[in-house]
Amino acid sequence: MKKTDARPKYALLEEKWQKRWEKKKVFASPEGKGKKYYVLEMFPYPSGSGLHMGHAFNYAVGDILARYMRMKGHRVLYPMGYDSFGLPAENAAIKEKSHPMKFTESAIKNFIAQQKKIGLSYDWSRIVMTHKPEYYRWNQFFFLKFLEKGLAYRKKSSVNWCPKCDSVLANEQVIKGKCWRHTDTNVEIRQLEQWFLKITDYVEELLDKVDGLDWPEKIKTMQKNWIGKSYGTEIDFEIGNERWPIFTTRADTIYGVTFMVVSAQHPSLMKLVTDKQKKEVMEFLKKIKSVSEKEMETLEKEGVFTGSYAKNPVTNEKVPVYAGNFVVSDYGSGMVMAVPGHDQRDYEFAKKYGLSVKVVIKPEDYELDEEKITEAYEGDGITVSSGQFSDMKNRKAIEKITHYLEKKKLGNKTVQYRLKDWLISRQRYWGTPIPIVYCDKCGIVSVPEKELPIILPDKVKFGKGNPLETNMEFVNVKCPKCKGKARRETDTMDTFFDSSWYYLRYCDNENRKEPFARKKVDYWMPVDQYIGGAEHACLHLLYARFFTKALRDLGFVEFDEPFLKLFNQGMLHGPDGFVMSKSRGNVVLPEVVSEKYGMDTARLFLVSTASTDKDTEWSENGIEGSLKFVNKVMGYFTGFKATKSGGVDKKIESKINKTIKEVSEDVENFRYNLAIIKIRNLFDKMSEEKVSRKEAEIFLKLLHPFCPHITEELWEKIGNKSFISIAKWPEADESKINIEYEKEDEVMEKTIGDVNNVLKIFKEKEKSASKLYLYVMPNEKTIYASNLGEIEKRTGLKTIVFAVNDKDKHDPEKKSSKAKPGKPGIYLE
RNA sequence: GCGGGAGUGCCGGAGUGGUCAAACGGGUCAGCCUUAGGAGCUGAUAGCUUAGUGCUUACAUAGGUUCGAAUCCUAUCUCCCGCACCA
């Protein structure tokens with residue numbers, strides 16, 4: 001019962017300050033002179049369930065930094081907004097027979113209220129919501145600009161289709177063959193005509209500039225892998241009378257090709273299938289389609305002969321062409337040359353279908369016997385049985401063979417990327433309408449800029465298919481060019497389009513004439529510190545980088561990279577050990593925690609258990625400790641009496657300056673947990689000594705980023721009229737830091753420890769003592785004397801200090817002879 | 001399979017060549033205060049040993065480098081995360 005009574009005390013206080021901050025616009029961030037600092041958290045998708053402790057943790061991390069930077073004297077831009085378009089709102093609305101608009105706006109309201117309760121120092125006047133026409137009209141605007149520039153295009157191709165989303169997905173949204181939102185739903189491949197953004201135009205820059213970013217290595221590696229650059233050779237094989245290009249990184253093994261494999265999903269597969277083989281191939285295709293999800297992971301390599309033969313361009317040998325389930329259709333050209341001697345997958349396939357294995361590379365230090373090998377040799381070595389290319393290092397052979405092919409116009413050196421163009425069409429309602437009209441006469445026609453925004457109509461029927469198609473007023477339009485009958489594009493944009501530039505809109509969120517004023521963006525951008533989870537490594541973070549580069553080339557911005565520094569805060573796990581999420585049902589709500597302990601306690605606790613970049617499991621086991629500390633601080637300042645000036649304690653002064661220095665460094669490096677330890681430590685020292693008002697204020701300032709509400713309250717209580725939120729962060733005076741004091745403390749600790757140890761032994765022997773005699777070096781006498789109170793308190797003994805050379809000291813057992821510098825003789829009685 | 005990260009005391013976790021039996025918090029135990037305490041304060045919390053000492057064993061496991069390792073190297077095991085039949 002007792003534990004829960006923190007709420008009334010702190011709730012009122014929190015509310016009071018939150019209101020004052022808002023009323024006085026303490027966190028407004030106008031442009032101006034002085035250094036700017038842009039702290040940004042990935043804006044949330046406003047889900048109906050509101051935010052939980054995991055979000056609170058994320059935002060607390062940013063808020064602490066923002067508050068620190070503000071006090072440091074920077075002009076801090078710290079905004080919040082909502083990624084409010086998207087499928088979940090649409091689905092939830094359908095389920096609850098509501099409208100996504102209604103659903104979303106109430107969710108946002110709820111989010112804002114919750115975030116305000118956490119005490120986050122956002123400049124709310126800069127709010128951005130992507131579902132508002134004032135925002136998404138600029139999506140449409142940018143889309144048209146991209147189209148003009150050739151960065152947006154429409155193409156029919158195999159696309160990922162999620163049957164549960166009822167929509168296509170970008171490659172980045174397909175995870176292990178499943179939909180990112182529906183992890184139990186297999187993504188299907190469909191041939192559709194869709195809108196793409198040419199992210200591949202920037203593939204080289206996206207790859208190159210990753211290295212220069214101050215981002216976690218992990219994220220950088222993930223992006224690089226996603227882009228997946230590999231060097232190789234494109235080689236034409238003749239099948240029938242047609243040339244079929246394939247991609248390989250191992251041109252050196254071309255003499256070892258014994259068959260070819262084309263992807264079973266290859267769009268032109270049937271061209272290769274002879275009449276005789278048709279039946280067999282069809283059966284095979286049917287079979288691999290029915291493979292369940294589970295089997296996908298351990299799938300055996302399977303295939304079927306197509307009936308065709310391919311001519312090896314170097315050897316002129318004819319090898320059979322198989323259709324196989326292990327060849328990826330959309331990488332390279334969807335067909336591979338198979339070299340079972342030097343590729344394990346090909347080897348397995350060859351063994352299964354009785355195809356021959358040829359060794360054309362042999363290791364330098366041992367022999368390979370074609371007949372006896374049990375696996376492919378994938379390493380480097382010397383080429384053998386390779387005609388004019390025999391007897392050379394295989395790496396060299398790659399060059400030679402490629403060169404030979406280039407000369408004969410049968411192939412060329414190429415680079416392959418895994419990255420594909422970004423598919424942005426979605427067959428769903430709750431998103432930005434794509435500003436395009438299809439005219440029978442004129443074809444694809446852009447909506448003129450001055451007609452923007454194309455407003456997403458309210459009235460649609462949800463059910464099967466794309467809801468926008470049910471609103472005829474929306475669909476049926478006049479062609480902007482010929483004024484004839486035309487049909488509006490009903491696909492909407494991927495919401496990652498929205499989140500690709502929201503950070504720019506914060507800089508000038510109310511601009512009605514343009515997406516943002518160049519001047520303002522120049523002032524604030526790039527983002528100095530971006531904070532968010534790692535799950536966006538290959539999604540949002542990649543798209544946003546691409547967008548920035550595209551906008552740069554369109555003349556909208558001047559910089560290359562949007563986010564200079566990225567910090568991945570750890571995931572907060574629920575009490576059950578799993579990542580906290582509504583769907584798992586293990587969420588802990590900030591309101592509940594705040595009610596029990598107060599928000600400052602919760603904030604303090606969240607960032608003090610572990611380093612903020614590590615995953616943490618939520619448990620209230622330790623929160624009592626934070627509450628105790630907050631209570632102690634409150635108590636201390638309630639009865640605070642400053643010493644009159646002149647009574648400055650050098651020791652405290654040293655400690656304070658050291659703490660300022662270290663806490664500043666810790667905060668700047670997200671070592672909040674360590675900063676808090678040092679703040680607590682300082683507090684312990686301060687509460688033992690006499691402290692001036694200035695010193696007390698420094699303590700409050702150090703604590704403020706973590707516990708903004710109580711520090712405002714106490715700041716006011718000790719006589720300040722302004723806000724501590726915008727007070728100046730203390731500067732450490734390093735000349736005042738004296739390590740001698742620390743040593744003194746250590747000596748004192750050691751002595752107290754020794755005394756307690758003796759006491760313990762006394763107790764075991766059932767002896768008792770009430771007096772402590774310390775025999776110290778003459779020059780140390782004052783140090784011990786000044787710490788007498790401390791010693792008495794912590795040992796519970798009446799203490800008398802003698803210098804070893806005091807003549808009339810009480811020393812019946814001659815313990816004074818044991819004394820050394822920093823280590824007094826001890827006698828108990 | 002590839003890539004990234006991690007394994008520390010009863011627990012959460014600091015610490016990345018000596019100042020380490022290891023910060024800080026939690027828990028537990030003991031003492032004080034007290035009518036009582038779930039509040040506060042003090043101490044203890046690897047083992048043995050001792051009037052404040054000394055020793056042994058410890059930072060996943062096994063080796064190694066070093067005057068010296070939780071910290072560096074090698075191998076192994078375990079866990080987490082990302083990618084995954086990319087030719």
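The analysis underlying the following values was restricted to heavy atoms, covering all of them including side chains, and did not include hydrogens, waters or symmetry mates. Small disclaimer: the values here were computed from a predicted structure and weren't measured.
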- Indicate, with a heavy-atom threshold strictly under 4.0 Å, whether L828(A) touches base, sugar-phosphate, or nothing. base
Taking the same atom, P, in rA69(B) and in rG18(B), what whole-Å distance lies between them?
11 Å
Rounded to whole angstrom, note down the P distance from rC81(B) over to rC48(B). 41 Å
Here the distance between atom P of rG31(B) and atom CD of E792(A), to the nearest Å, is 23 Å
Any base atoms under 4.0 Å from G232(A), or only sugar-phosphate, or nothing? Heavy atoms, all strands.
nothing
Pairing partner of rU71(B), by Watson-Crick or G-U wobble and under 3.5 Å for both distances, is none
query: So does K793(A) get a side-chain nitrogen or oxygen closer than 4.0 Å to the phosphate oxygens (OP1/OP2) of rU42(B)?
result: yes
Smallest heavy-atom separation, L410(A) atom then R243(A) atom, equals CD2-NH2, 3.4 Å
Checking all strands, does K614(A) fall into the base, sugar-phosphate, or nothing category for heavy-atom contacts under 4.0 angstrom? sugar-phosphate
Looking for any heavy atom pair under 4.0 Å, which part of the strands does V755(A) touch: base, sugar-phosphate only, or nothing? nothing
Considering only the P atoms, how many Å lie between rA14(B) and rG7(B), rounded to the nearest integer?
8 Å
In whole angstroms, the gap separating C1' of rG15(B) from CG of N673(A) amounts to 12 Å
Practice item. Could you check whether K632(A) gets within reach of a base, just the sugar-phosphate, or nothing at all, counting any heavy atom under 4.0 Å? Key: sugar-phosphate
Look at all strands and tell whether G625(A) reaches a base, only sugar-phosphate, or nothing, counting heavy atoms closer than 4.0 Å. sugar-phosphate
- [ ] Look at all strands and tell whether F629(A) reaches a base, only sugar-phosphate, or nothing, counting heavy atoms closer than 4.0 Å.
- [x] nothing
Query raised in the report: Below 4.0 angstrom, N of the basic side chain to O of the carboxylate: do D666(A) and K678(A) qualify?
Result: yes
pair_partner(rC32(B)), Watson-Crick or wobble, both distances < 3.5 Å, evaluates to rG40(B)
Atom CG of N757(A) and atom C1' of rG54(B) are separated, to the nearest Å, by 12 Å
Q. Between K750(A) and rU53(B), does any side-chain N or O lie under 4.0 Å from OP1 or OP2?
A. yes
Across every strand shown, the nucleotide meeting Watson-Crick or G-U wobble geometry with rA14(B) (both distances under 3.5 Å) is none
Across every strand shown, the nucleotide meeting Watson-Crick or G-U wobble geometry with rC77(B) (both distances under 3.5 Å) is rG7(B)
- For rG38(B) versus rC33(B), give the span between their P atoms, rounded off to a whole number of Å. 16 Å
**Y10(A) versus N631(A), side-chain donor and acceptor atoms under 3.5 Å** = yes
Query raised in the report: Taking atom P in both rU61(B) and rU71(B), what distance in whole Å separates the two?
Result: 11 Å
Open item on the list: Strictly below 4.0 Å: does T609(A) bring a side-chain N or O up to OP1 or OP2 of rG26(B)?
Closed with: no
Item checked: Rounded distance in Å between the C1' positions of rG47(B) and rA75(B) -> 31 Å
D754(A) CG to rA44(B) P, in whole Å, measures 11 Å
Notebook entry, point to check: Looking only at atom P, what distance separates rA23(B) and rG12(B), rounded to whole Å?
Noted result: 16 Å
When T248(A), V314(A), T233(A) are each screened for side-chain contact (heavy atoms from CB on, under 4.5 Å) with I254(A), the one that passes is V314(A)
Is the H266(A) ring parallel, tilted or perpendicular to the W244(A) ring (thresholds 30°, 60°)?
tilted
Any strand, both distances under 3.5 Å, Watson-Crick or G-U wobble: rG52(B) pairs with none
Note to self: With rounding to the closest Å, how many angstrom separate the P atoms on rA70(B) and rU78(B)?
What the structure shows: 25 Å
| query | Under the side-chain hydrogen bond (donor to acceptor under 3.5 Å, both in side chains) criterion, do T249(A) and S230(A) qualify, and how do the steps go? | reply | CA-CA 8 Å; T249(A) 54; S230(A) 53; over 6 Å; no
To the nearest angstrom, the CD1-P distance between I826(A) and rU53(B) comes to 8 Å
Per nearest nucleotide of RNA chain B, the residue lying toward the 5' end, T795(A) or G622(A), is G622(A)
Quiz prompt | Backbone N/O of L207(A) and side chain of Q223(A): donor-acceptor pair under 3.5 Å | solution = no
Regarding V327(A), tell me which of base, sugar-phosphate or nothing describes its non-hydrogen contacts under 4.0 Å with the strands shown.
base
Look at the side-chain N and O atoms of K628(A) and state whether any lies under 4.0 Å from the OP1 or OP2 oxygen of rG26(B). yes
Looking for any heavy atom pair under 4.0 Å, which part of the strands does R794(A) touch: base, sugar-phosphate only, or nothing?
sugar-phosphate
Hey, can you tell me if Y773(A) and Y775(A) have their rings parallel, tilted or perpendicular (30° and 60° cut-offs)? parallel
Exercise for review: Tell me what F605(A) touches on the nucleic acid: a base, only sugar-phosphate, or nothing, going by heavy atoms under 4.0 Å.
Suggested key: nothing
| Any side-chain N or O of Y331(A) under 4.0 Å from OP1/OP2 of rA87(B)? | yes
In whole angstroms, the gap separating P of rC80(B) from CD of E535(A) amounts to 19 Å
note: K229(A), atom NZ; rC2(B), atom C1'; distance rounded to Å ~ 20 Å
Result for 5'-nearest mapping on RNA chain B, choosing between I761(A) and R671(A), is R671(A)
message = Using a 4.0 Å heavy-atom cut-off, does T751(A) contact any base of the nucleic acid, only the sugar-phosphate backbone, or nothing at all?
response = nothing
Worksheet item: Any side-chain N or O of K823(A) under 4.0 Å from OP1/OP2 of rU53(B)?
Response: yes
Give K818(A) one of three labels, base, sugar-phosphate or nothing, depending on what nucleic acid heavy atoms sit under 4.0 Å from its own.
base
Rounded to whole Å, the CG-C1' distance (D745(A) to rU19(B)) equals 16 Å
